[in-house]
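When reading the values below, keep in mind they use all heavy atoms of this one structure, side chains included, and skip hydrogens, waters and symmetry mates.
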Amino acid sequence: MDESMRLAGAHEVKELLGVSRQRVYQLAAKADFPKPVAALAQGKVWLLGDIERWLAGRRIFGKGRGKSFEEEVRDLSGDYLKAGA
């Protein structure tokens, strides 16, 4: 799939980060979080690559503690893709 078309709503972002939907919106309110590419009736939509790059620059939290950053991103991205993305 074209990298520019990999989209994620709050549900997908929460699954990727291992946090609650409420926490996704708390993070989205921070200046360093990627800006959404659209705001739909169902909520904000981000480019998945932007979220993955943001995650790459952060301390790992949520599921998978104790893994290296590369392992965590690979595992979380794999979980997301298995879920039907």
J.: What's the spacing between Arg21 CZ and Gln26 CD if we round to 0.5 Å?
T.: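 With rounding to 0.5 Å, CZ (Arg21) is 13.0 Å from CD (Gln26).
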
J.: Working to the nearest 0.5 Å, report the span between CZ of Arg53 and CG of Asp50.
T.: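 These two atoms lie 5.0 Å from each other.
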
J.: Taking only residues two or more places apart in sequence or in another chain, which ones pass side chain to side chain contact (heavy atoms under 4.5 Å, CB included) with Gln42?
T.: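 For Gln42 there are no side chain to side chain contact (heavy atoms under 4.5 Å, CB included) partners, ignoring immediate neighbours.
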
J.: When you look at Leu16 and Glu52, which way does the side chain to side chain contact (heavy atoms under 4.5 Å, CB included) test go after all the steps?
T.: CA-CA 9 Å; Leu16 179 64; Glu52 290 170 337; 4.2 Å; yes

J.: Can you confirm whether Trp46 sits close enough to Val24 that some side-chain heavy atom of one is under 4.5 Å from a side-chain heavy atom of the other?
T.: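 Yes, close enough: below the 4.5 Å cut-off.
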
J.: Is there any ring pair (Phe, Tyr, Trp, His ring centres under 6.0 Å) pair reaching into residues 5-26, and which pairs are they, with sequence neighbours excluded?
T.: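 Ring pair (Phe, Tyr, Trp, His ring centres under 6.0 Å) check on residues 5-26 returns no pairs.
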
J.: Would a 4.5 Å heavy-atom cut-off, applied to side chains only, mark Leu7 and Leu47 as touching?
T.: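 Yes, at least one pair of side-chain atoms sits under 4.5 Å.
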
J.: Ignoring hydrogens and angles, write down the donor-acceptor pairs under 3.5 Å from the side chains of residues 31-40, residues two or more places apart or on other chains.
T.:
| residue | atom | partner | partner atom | Å |
| --- | --- | --- | --- | --- |
| Asp32 | OD2 | Arg58 | NE | 3.2 |
| Asp32 | OD2 | Arg58 | NH2 | 2.7 |

